[in-house]
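Fair warning: this is a prediction, and the values are worked out from it, not measured in the lab. Within every chain, numbering begins at 1; the chains are lettered A, B, ... in the order of the sequence lines, protein sequences first and strands thereafter.
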Amino acid sequence: MADLEELYREIILDHYRSPRNRGELTDEAALRAEGFNPLCGDEILITLHVDHGVLSDIKISGQGCSISQSSASLMSAAVKGKSLDEVRQIIATFKTLMTVHEAQLEDGDAEPEAVDLRKLGELAALQGVVKFPMRIKCATLGWNTLTQCLDDASL
Amino acid sequence: MADLEELYREIILDHYRSPRNRGELTDEAALRAEGFNPLCGDEILITLHVDHGVLSDIKISGQGCSISQSSASLMSAAVKGKSLDEVRQIIATFKTLMTVHEAQLEDGDAEPEAVDLRKLGELAALQGVVKFPMRIKCATLGWNTLTQCLDDASL
Amino acid sequence: MATVSGTLDVNAIRRDFPLLERQSHGHRLSYLDSGASSLPPHAVVEAMATYYETTHANVHRGVYETAEEATRLYEDARRTVGRFLGASHPTREIAFTKNTTEAINLLAHSWGGANLGEGDVVVLSIMEHHANIVPWQMLAAAKGIELRWLGLTDELRLDLDGLDEALDGAKLLSITAMSNVLGTINPIGDLARAAHDAGALIHVDGAQAVPHLPTDVVASELDFLSFSGHKMLGPTGIGVLYGKAELLAAMPPFLGGGGMILDVRTDRFTAAEAPQRFEAGTPPIAEAVGLAEAVRYIDSIGITSIRAHELELTSYALDALDGVANGHLTVHGPPAGPDRGGVLSITLDDVHAHDVAQILDSVGVCVRPGHHCAKPLMRHLGVQATARASFGLYNGTDDVDALVEGLEQATTLFG
Amino acid sequence: MATVSGTLDVNAIRRDFPLLERQSHGHRLSYLDSGASSLPPHAVVEAMATYYETTHANVHRGVYETAEEATRLYEDARRTVGRFLGASHPTREIAFTKNTTEAINLLAHSWGGANLGEGDVVVLSIMEHHANIVPWQMLAAAKGIELRWLGLTDELRLDLDGLDEALDGAKLLSITAMSNVLGTINPIGDLARAAHDAGALIHVDGAQAVPHLPTDVVASELDFLSFSGHKMLGPTGIGVLYGKAELLAAMPPFLGGGGMILDVRTDRFTAAEAPQRFEAGTPPIAEAVGLAEAVRYIDSIGITSIRAHELELTSYALDALDGVANGHLTVHGPPAGPDRGGVLSITLDDVHAHDVAQILDSVGVCVRPGHHCAKPLMRHLGVQATARASFGLYNGTDDVDALVEGLEQATTLFG
Ligand SMILES: Cc1ncc(COP(=O)(O)O)c(C=O)c1O
Ligand SMILES: Cc1ncc(COP(=O)(O)O)c(C=O)c1O
């Protein structure tokens with residue numbers, strides 16, 4: 001049960017109940033990407049604006065569990081207003097956090113880098129997820145979708 | 001080893017070494033049917049003549065083990081010169097002999113009929129085969145091919 | 001304390017399932033995921049181990065003693081499975097596949113490939129598992145066939161009103177006997193007659209039904225039936241396609257290779273008879289031995305008793321769930337009754353299925369969250385995921401009680 | 001008294017294989033049919049039984065403890081198998097199938113379906129198993145591709161003289177690493193380079209090689225490799241298709257159903273990533289656990305030692321057979337050496353292979369008679385069937401001696 005409480009920290013439940021940057025940017029200029037978690041059916045739609053190298057606005061819609069929703073909400077708060085370089089940096093740091101354990105489910109034996117949790121701010125709350133390997137894909141759904149959105153636009 | 005000797009009776013080996021009615025009828029009037037045993041690669045070609053309801057000539061070619069070859073040879077000797085009714089009768093009797101045990105590998109639980117071995121003449125020598133279920137298909141190859149030949153010609 | 005059921009002695013049955021002795025997170029394991037995969041009784045595991053350690057050999061071509069025995073065991077399994085379904089000609093009507101999914105792909109590719117063309121209609125229902133959707137979509141993409149969809153009533157039963165219209169001019173009705181999400185049991189005998197009246201054949205996805213309900217392919221007049229070993233107390237790695245003898249006999253091969261041929265030359269091959277024609281390569285031999293043992297185990301308990309027990313448990317559970325979460329809990333499916341199987345798809349208004357399942361796990365209750373490979377149905381229900389509890393003969397009211405308690409915890413945590 | 005081999009302690013190894021304690025017709029069992037299917041060591045049987053009795057659950061979708069463990073075991077098996085082959089990206093390059101045959105059908109259907117059209121050339125060899133012929137013939141019938149055949153030298157090695165010509169303009173070379181009839185080991189690294197130089201890809205049928213020879217897909221530059229669990233001390237019901245990550249990633253799905261999709265709507269589906277895309281339905285979970293254990297067992301003995309042992313045994317056997325039947329015995333295959341595996345296809349001038357095998361059975365010697373699913377090769381050899389003895393790590397000179405003695409009996413009986 002200790003693990004469970006670490007998973008469902010108050011901050012996670014808060015972002016789940018009151019997701020930040022909820023909605024959809026529907027104008028022509030908005031970049032869009034959809035993500036699925038085929039294992040559990042979670043769906044996410046990310047729309048965002050990039051102005052002069054800055055991720056100026058981001059909206060998240062879709063449905064999913066507390067982990068995928070709060071992670072996407074925390075992500076949106078973390079990346080909004082940041083330069084694309086910073087965004088890439090945040091994504092990389094977060095993915096490293098998740099990979100610490102996801103590595104067990106992936107290739108290779110490379111020692112994962114340690115992550116400085118202080119750098120992560122609120123995102124550090126998602127740390128409890130790594131004890132639940134099946135949930136890592138929930139936590140990373142929004143992040144992978146954001147990456148894809150930037151990649152698709154060659155940003 | 002007792003079973004093995006029953007399988008390889010002298011008469012079987014004799015028909016294997018000196019097959020009766022070996023060859024192929026190549027004239028236009030000859031009926032033909034080919035049989036395979038996909039399990040072991042045995043192949044058989046039966047050609048025959050039917051005149052006024054009598055199986056007047058039959059030739060066997062192909063390659064196979066002592067059981068398939070001797071069984072076909074014994075069969076050719078048993079059916080040659082017989083009326084088609086008699087041929088069907090001989091086929092049925094022989095198949096019943098084999099089915100006594102093949103039944104275990106096939107559908108249904110029907111009690112197989114007993115076969116009067118005296119009626120079978122030399123064919124009774126093949127009786128030892130039923131103790132070797134995997135070989136029954138060898139013994140019946142020629143017979144099934146003959147049946148198919150007659151069926152194909154609607155005889 | 002396991003059972004309400006006068007029908008089955010669940011405590012005795014549990015002793016046959018070693019996995020149920022396991023604890024999870026310090027709790028007794030309440031395995032409520034038999035709809036995904038059932039647990040095998042010890043007899044099944046033992047039968048396979050014994051096979052491997054006393055008999056194993058490749059089948060069909062060997063003449064030595066163990067090869068003959070292995071062949072006999074494998075072919076006996078075909079008969080055992082066929083008899084369990086009431087098939088008239090088990091040795092010609094049962095093809096072993098790797099799972100239900102392969103069985104349906106085989107059907108779509110072979111029967112569908114040979115018998116369906118541009119504009120031909122296959123009727124499905126909206127409650128199908130992806131295994132009974134995607135193969136037909138692939139065929140639609142390849143050959144231009146049309147898919148028609150039967151809908152559901154408000155009570156989440158199959159909507160029979162649209163049946164005749166949907167079947168009009170159709171070549172095949174391919175439908176599940178029991179929904180893996182709703183528990184809805186479809187009237188497959190009636191559907192078969194309706195299909196035949198319309199000149200169509202019927203294929204039934206029996207993955208959920210065969211393990212839990214009496215099946216009689218002859219009485220129900222089924223043309224094709226598919227199901228999996230691992231959902232009926234058997235091993236993984238084996239499934240079954242039943243087809244009427246004359247239908248299978250007329251179907252072209254699916255996978256090519258050893259065992260399915262009569263002859264191969266460099267420029268052509270000749271296919272073997274059915275069902276061997278559909279069993280390319282070394283078949284799942286040990287798995288067939290295990291599946292036959294699973295059938296014997298089910299027979300020893302009695303499928304009718306299993307069904308009665310699971311229905312009692314379903315009623316008990318539906319009653320028990322009624323009080324949970326103050327009306328914020330939904331069980332998606334018809335009320336308990338003769339057309340209701342032991343599958344409970346639960347949603348809570350405020351807790352996502354994934355979180356429900358996670359919290360249940362922490363108290364030893366195994367349920368499955370997600371779309372259950374039935375996304376069109378999920379869209380119809382307007383939900384994205386449910387937490388599904390599904391019963392097996394080894395479940396008792398104690399498992400339901402644990403489920404209810406876990407659900408209360410979930411509502412509290414997310415309250 | 002089991003061994004000539006300085007390499008392996010066969011007596012110790014045999015204790016790991018319970019089936020070898022069995023008697024047959026009152027004789028010690030000489031199991032010489034590993035080419036058809038190998039015997040599993042106790043550790044493999046035990047790993048599967050333990051899996052079933054402590055862990056079993058369906059993979060990928062459950063969040064409860066046993067489902068997580070089952071998923072991990074299944075995915076770990078992928079990594080274990082991938083590492084055994086030297087794959088760079090095991091989790092993306094290993095797809096589990098039901099056997100080699102399905103793996104090759106998958107390749108032909110998916111890669112072939114997407115990349116080959118009218119007139120495109122696939123090069124095979126005349127020594128292929130039907131599993132590596134029939135799927136390509138089916139594709140030829142469906143899409144009008146051309147099949148070209150590599151021949152053999154007098155010594156029954158692959159005839160490399162015709163190689164460049166055959167590869168000219170070809171899209172794929174699909175060839176066995178080791179003949180299941182001749183024991184011939186093909187130079188797959190060289191063949192891969194030749195194929196690549198000609199702009200073709202290479203698929204290697206590793207059903208016979210992977211269990212008996214060191215394999216390194218990267219060093220040999222293989223694009224695709226297929227093989228079966230049951231020939232490498234593992235269970236029935238599982239096979240493997242290895243494909244380079246970028247190749248698998250670009251291939252369309254084969255079987256449709258659950259687990260291989262991202263999304264399904266009534267009018268379309270979206271496929272998942274490779275290798276999941278190729279694993280429709282519930283996969284062979286327990287079988288993957290067993291296969292991983294088989295790989296660990298092989299690793300514990302060492303594939304190089306196994307190879308050395310089997311080569312020694314092959315030399316011993318070829319010498320011993322030389323004197324049998326007064327020159328009326330033929331072993332179809334190259335002389336013992338680095339390109340010769342432990343498979344002895346025997347014909348006697350006066351005794352049919354089927355009878356040879358039957359007589360050998362009566363003294364406890366298990367060999368396989370027939371065409372070994374290689375009819376084009378049999379036609380090339382001008383024989384209809386051979387009696388094939390094939391070695392595994394548990395065989396010793398005593399098995400060869402029993403074989404020789406049984407062959408003498410056969411010649412006497414039919415003499
Ligand atoms: C060279 C070769 N390829 C393919 C196969 C087919 O393997 P499976 O029957 O396991 O699909 C075999 C085994 O019979 C073989 O020896
Ligand atoms: C109704 C239904 N059909 C088909 C399947 C697919 O079965 P398998 O995964 O064994 O192929 C399932 C199981 O998930 C099911 O519930």
Side-chain angles (χ1 to χ4, degrees), chain C residues 18-19 22 24 33 36-37 39-40 45 49 52-54 56-58 61-65 98-102 105 129-131 133-135 137-138 149 228 230 235-238 255-258 261 263-266 269 280-282 284-287 357-358 361 366 368-370 373 375-376, chain D residues 18-19 22 24 33 36-37 39-40 45 49 52-54 56-58 61-65 98-102 105 129-131 133-135 137-138 149 228 230 235-238 255-258 261 263-266 269 280-282 284-287 357-358 361 366 368-370 373 375-376:
Chain C
L19 209 152
R22 179 177 165 150
S24 182
D33 199 20
S37 201
L39 305 177
V45 177
Y52 275 125
E53 303 208 325
T54 68
H56 175 64
N58 213 328
R61 280 155 302 201
V63 295
Y64 54 86
E65 193 173 33
K98 66 174 175 174
N99 52 27
T100 305
T101 304
E102 188 200 346
N105 278 273
H129 186 280
H130 294 163
I133 298 176
V134 180
Q137 290 182 328
M138 289 174 142
W149 299 83
S228 292
H230 70 94
T236 55
I238 190 163
L255 305 182
I261 59 96
D263 192 21
V264 176
R265 294 169 179 267
T266 50
F269 72 91
T282 302
I285 311 169
E287 291 78 2
Q358 193 77 62
D361 165 60
C366 308
R368 189 152 292 242
C373 297
K375 285 203 119 191
Chain D
L19 209 153
R22 179 177 165 154
S24 182
D33 199 20
S37 201
L39 306 177
V45 176
Y52 275 126
E53 303 210 324
T54 68
H56 176 64
N58 213 328
R61 279 156 302 202
V63 294
Y64 54 86
E65 193 173 33
K98 65 175 176 175
N99 51 26
T100 305
T101 305
E102 189 201 347
N105 277 272
H129 186 280
H130 294 162
I133 298 176
V134 180
Q137 291 182 328
M138 289 174 140
W149 298 83
S228 293
H230 71 93
T236 56
I238 190 163
L255 305 182
I261 59 98
D263 192 22
V264 177
R265 295 169 179 269
T266 52
F269 71 92
T282 303
I285 312 169
E287 290 78 2
Q358 193 78 62
D361 166 59
C366 308
R368 188 152 293 242
C373 298
K375 284 202 119 192

Residues which pass side chain to side chain contact (heavy atoms under 4.5 Å, CB included) with C:Ser228, listed by chain and number, not counting sequence neighbours = C:Asn99, C:Thr100, C:His230
Side chain, backbone, both or neither of C:Ile261 within contact of chain D (heavy atoms, under 4.5 Å) = side chain
If you count heavy-atom pairs under 4.5 Å with chain D, which of [options] comes out on top?
options: C:Pro369, C:Pro235, C:Ala280, C:Pro135; value: C:Ala280
options: C:Gly370, C:Gly258, C:Ala57; value: C:Gly258
options: C:Ile285, C:Ile238, C:Asp263; value: C:Asp263

Could you check if a side-chain atom of C:Val264 sits within less than 4.5 angstrom of a side-chain atom of D:Val134, using non-hydrogen atoms only?
->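 Answer yes - side chains close enough.
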D:Tyr52 side chain near C:Thr236 side chain, heavy-atom distance below 4.5 Å |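 In contact.
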Determine yes or no for a side-chain-to-main-chain donor-acceptor pair under 3.5 angstrom, with C:Gln137 supplying the side chain and D:Thr266 the backbone.
-> yes
Does the C:Asn105 side chain pair with the main chain of D:Leu255, one donor and one acceptor, at a distance under 3.5 Å?
-> no
Which residue out of [options] racks up the most heavy-atom pairs below 4.5 Å with chain C?
options: D:Gln358, D:Arg265, D:His129; answer: D:Arg265
options: D:Ser37, D:Gly256, D:Ser24; answer: D:Gly256
options: D:Pro18, D:Ala131, D:Ala49, D:Cys373; answer: D:Pro18
options: D:Ala286, D:Cys366, D:Ala357; answer: D:Cys366

side-chain contact (heavy atoms from CB on, under 4.5 Å) assessment of C:Glu102 paired with D:Glu102 = CA-CA 11 Å; C:Glu102 188 200 346; D:Glu102 189 201 347; 5.5 Å; no
May I ask you to say whether D:Glu53 pairs ionically with C:Arg22, meaning some side-chain N is under 4.0 Å from a carboxylate O?
-> no
Just do the side-chain contact (heavy atoms from CB on, under 4.5 Å) check on C:Arg368 and D:Asn58 with the steps written out, would you?
-> CA-CA 10 Å; C:Arg368 189 152 292 242; D:Asn58 213 328; 3.8 Å; yes
Which distance, rounded to the nearest 0.5 Å, do you find between the CG of C:Asp33 and the NE2 of D:His56?
-> 9.0 Å
Taking all heavy atoms of D:Gly237 and all of C:Glu287, pick out the closest pair and write down the distance.
-> CA-OE2, 3.8 Å
After noting the C-alpha distance and the side-chain angles of C:Ile133 and D:Phe269, does the key distance pass the side-chain contact (heavy atoms from CB on, under 4.5 Å) rule?
-> CA-CA 9 Å; C:Ile133 298 176; D:Phe269 71 92; over 6 Å; no
